[in-house]
Amino acid sequence: MSLFKITKTTKPLVSRCMSMLVNDPSYSWLSEIGIKEVNDGVYNGSWGGSGNVVTSVSPINEQPIAQVVEGTVEDYKEVVRASKEASKQWAMTPAPVRGEFVRQVGEHLRDKLEPLGKLVSLEMGKILPEGIGEVQEAVDIADYATGLSRMLNGKVIPSERPGHMMLENWHPLGVIGVITAFNFPVAPYFWNFTIANVCGNACLWKGAPTTPLTGVACTKLIADVLEANKLPGGLSGLISGGADVGAAMVEDPTVNLLSFTGSCHIGKQVGAKVQSRMGKLILELGGNNAISVMEDADLNMLVPAVCFASVGTAGQRCTTTRRLIVHKNLIDEVVKRLISAYKQVKIGNPLEKGNLCGPLHTTAAVEAYKEAISEAAALGGKIEVGGNVVEGRYVEPTIVTGLPHNSDLVMRETFAPILYVVPCEDFEDAVAINNEVSQGLSSSIFTTKPEYIFRWVGAGGADSGICNVNIPTNGAEIGGAFGGEKETGGGRESGSDAWKQYCRRATCTINYSKDLPLAQGIDFS
Ligand code: NAD
């Protein structure tokens with residue numbers, strides 16, 4: 001039972017005669033994760049929503065899947081009030097008890113791995129192994145956070161004063177607002193929620209407006225665990241909606257930390273607003289990731305790595321490889337082998353086995369792909385392979401050569417499977433080209449020389465937050481916290497010491513002597 005009431009919509013629902021995939025027997029698995037024809041999109045212990053009724057359309061076949069009743073700014077206020085209230089109780093709950101709750105959430109995710117992974121594919125468009133892989137990342141971080149709940153250790157610090165000691169204590173912040181992007185509709189919420197929760201915080205989530213069903217399905221699963229444990233729903237609130245509810249969360253001083261995943265453009269606005277109210281921030285923004293290829297690279301490792309990292313998720317990963325910086329003596333051979341590999345890529349329904357490249361998420365993304373291809377051709381670039389729309393939202397993965405490495409087109413993130421290949425003279429040149437973009441998300445080098453490996457990961461090497469060697473730009477693991485540098489934002493999510501961002505640090509000086517060695521020479525009696 002929630003303390004706070006969310007209004008239910010009184011607006012007429014979209015025509016019932018519209019045929020929804022949720023009613024098609026071949027999608028009956030949607031009911032296993034609680035998806036109905038019309039779904040409430042707001043949760044704070046009870047479900048509701050009084051905003052627009054939106055239809056989630058699958059990029060696979062452009063068919064409506066089901067509908068969601070979004071929240072309004074008024075609904076947001078009720079959700080955040082519930083989260084604030086829940087955070088007070090949770091802060092006083094022992095961390096291992098919090099960890100036990102997160103462990104149960106992880107178990108529920110494990111049980112629903114397949115249908116939730118299928119929903120990610122159906123609603124976002126990534127191939128099923130990647131959809132399931134994304135849910136597995138949520139399972140993995142729940143396991144990690146469960147262990148972490150017994151390791152949130154502070155420090156005892158020796159004092160320079162006699163009869164004194166110092167403690168470093170970590171306490172919860174309160175309410176964590178999480179705004180996420182369409183391309184990872186599951187994992188980023190759990191990277192934030194599981195760790196923030198064991199640290200003693202309450203979270204509230206606004207997912208992307210084009211993947212509302214995934215947000216509803218994940219929250220239903222968490223709500224089941226909350227309700228089974230008689231815990232307040234405000235520990236994991238949901239507000240489905242667009243920029244208006246996102247902006248309300250960004251501006252709200254009740255939200256102690258705002259964790260935002262999305263484009264650099266929106267992230268800059270969000271960052272400035274949160275900063276102006278002195279709120280805490282994690283920004284996980286866009287990337288323009290590159291792989292550098294040295295003359296000594298093992299091409300048998302390189303070619304599959306580039307193919308997966310550039311074509312996978314149809315180029316819609318934040319860590320997709322968008323630039324390939326190849327030693328001038330190898331460039332012809334690398335391009336030849338990549339063309340051959342690209343020609344074998346199967347494009348099609350991401351739920352069908354064998355397809356490597358699914359659709360782009362929206363028709364706007366198809367337009368952005370077409371514009372980038374036209375711009376490349378106008379600038380004198382050569383389309384080595386691809387360059388065409390197949391049908392609907394399906395496009396051909398594309399390789400472009402012959403563009404200057406510092407042209408506007410190469411320097412910006414086009415969220416589509418387009419790879420720009422540029423030559424470099426040597427290691428120093430590769431580092432300079434890698435680092436010249438404004439984003440700083442992920443980079444990788446393929447080399448067999450220890451000298452290059454250690455220079456690459458050193459202070460004078462790649463300047464991105466993820467800095468790989470002999471694996472592609474999207475090869476990150478939860479144990480190492482991810483996050484970017486430069487215009488990719490700042491802050492870290494997931495593993496290692498990321499938990500400290502969801503806490504405030506108190507440095508406590510304790511005087512256990514009988515003296516107060518301050519203001520000597522004054523009689524205070
Ligand atoms: P986007 O910036 O358009 O939207 C992200 C989220 O912000 C959505 O939930 C959206 O509704 C919300 N939003 C929009 N305007 C807002 C406002 N004024 N105030 C508050 N919230 C607002 O991004 P997208 O198109 O959904 O996602 C793709 C982008 O996200 C790419 O640039 C990609 O690189 C980036 N991304 C980064 C990471 C990372 O870990 N660094 C991960 C995934 C995606």
Side-chain angles (χ1 to χ4, degrees), residues 41 51-52 54 59 68 70-71 73 76 120 123-126 130 134 137 141 177-192 204-212 214-215 238-252 255 258-274 276 279 281-289 313-322 360-362 364-365 368 412-416 437-442 464-466 473-474 476 478 480-494 498:
N52 294 326
V54 294
V68 172
E70 290 186 335
V73 171
Y76 164 77
V120 173
E123 196 175 37
M124 185 273 153
K126 61 180 73 175
E130 291 182 355
E134 185 178 344
E137 288 191 47
I141 197 65
V178 184
I179 297 179
T180 55
F182 78 85
N183 64 327
F184 274 84
V186 173
Y189 180 64
F190 286 91
W191 293 334
N192 285 283
L204 71 148
W205 181 18
K206 192 203 89 61
T210 50
T211 54
T214 307
L238 176 73
I239 178 92
S240 304
D244 57 340
V245 284
M249 194 188 285
V250 167
E251 282 162 19
D252 184 356
V255 174
L258 196 283
S259 177
F260 178 89
T261 304
S263 59
C264 293
H265 167 65
I266 305 286
K268 278 184 196 171
Q269 300 168 23
V270 165
K273 284 194 179 140
V274 175
S276 72
L281 267 171
I282 296 176
L283 294 173
E284 290 274 6
L285 311 181
N288 191 352
N289 319 294
T313 326
Q316 300 165 105
R317 278 174 167 255
C318 52
T319 51
T320 290
T321 302
R322 308 196 183 280
L360 290 175
H361 186 57
T362 57
R412 73 169 187 254
E413 179 194 47
T414 299
F415 225 52
V437 294
S438 59
Q439 309 88 342
L441 184 49
S442 184
S464 49
I466 298 171
T473 49
N474 53 352
I478 63 148
F482 347 115
E485 300 295 334
K486 297 160 57 184
E487 287 190 11
T488 300
R492 288 290 187 276
E493 285 176 358
S494 200

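Start at 1 and go down the list; that is how both ligands and their atoms are numbered.
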Between Asn289 and Thr320 (side chain of the first, backbone of the second, donor and acceptor by atom type, cut-off under 3.5 Å), is there such a pair? yes
Could you tell me whether Glu485 and Arg492 have a side-chain N and a carboxylate O separated by less than 4.0 Å? yes
What pair of heavy atoms forms the shortest contact from Gln439 to Gly286, and how long is it? CB-O, 3.7 Å
Got a sec, which residues hit side chain to side chain contact (heavy atoms under 4.5 Å, CB included) with Ser438, two or more places apart in sequence or on another chain? Glu487
Identify the protein atoms, limited to N or O, that lie within less than 3.5 Å of an N or O atom of ligand 1, and list each pair with its distance to 0.1 Å.
residue, atom, partner, partner atom, Å
ligand 1, 2 (O), Ser263, N, 2.9
ligand 1, 2 (O), Ser263, OG, 2.6
ligand 1, 9 (O), Thr180, O, 2.8
ligand 1, 9 (O), Lys206, NZ, 3.0
ligand 1, 9 (O), Gly207, O, 3.4
ligand 1, 11 (O), Lys206, NZ, 2.8
ligand 1, 26 (O), Phe182, N, 3.2
ligand 1, 30 (O), Gly262, O, 3.3
ligand 1, 32 (O), Glu413, OE1, 2.7
ligand 1, 34 (O), Glu413, OE2, 2.7
ligand 1, 40 (O), Glu284, OE1, 3.1
ligand 1, 41 (N), Glu284, O, 3.4
ligand 1, 41 (N), Glu284, OE1, 3.4
ligand 1, 41 (N), Leu285, N, 3.4
ligand 1, 41 (N), Leu285, O, 2.8

Cation over ring, Lys206 on Phe260, under 6.0 Å and within 45°? no
Could you tell me how the ring of Phe415 sits relative to the ring of Phe182: parallel (under 30°), tilted (30 to 60°) or perpendicular (over 60°)? perpendicular
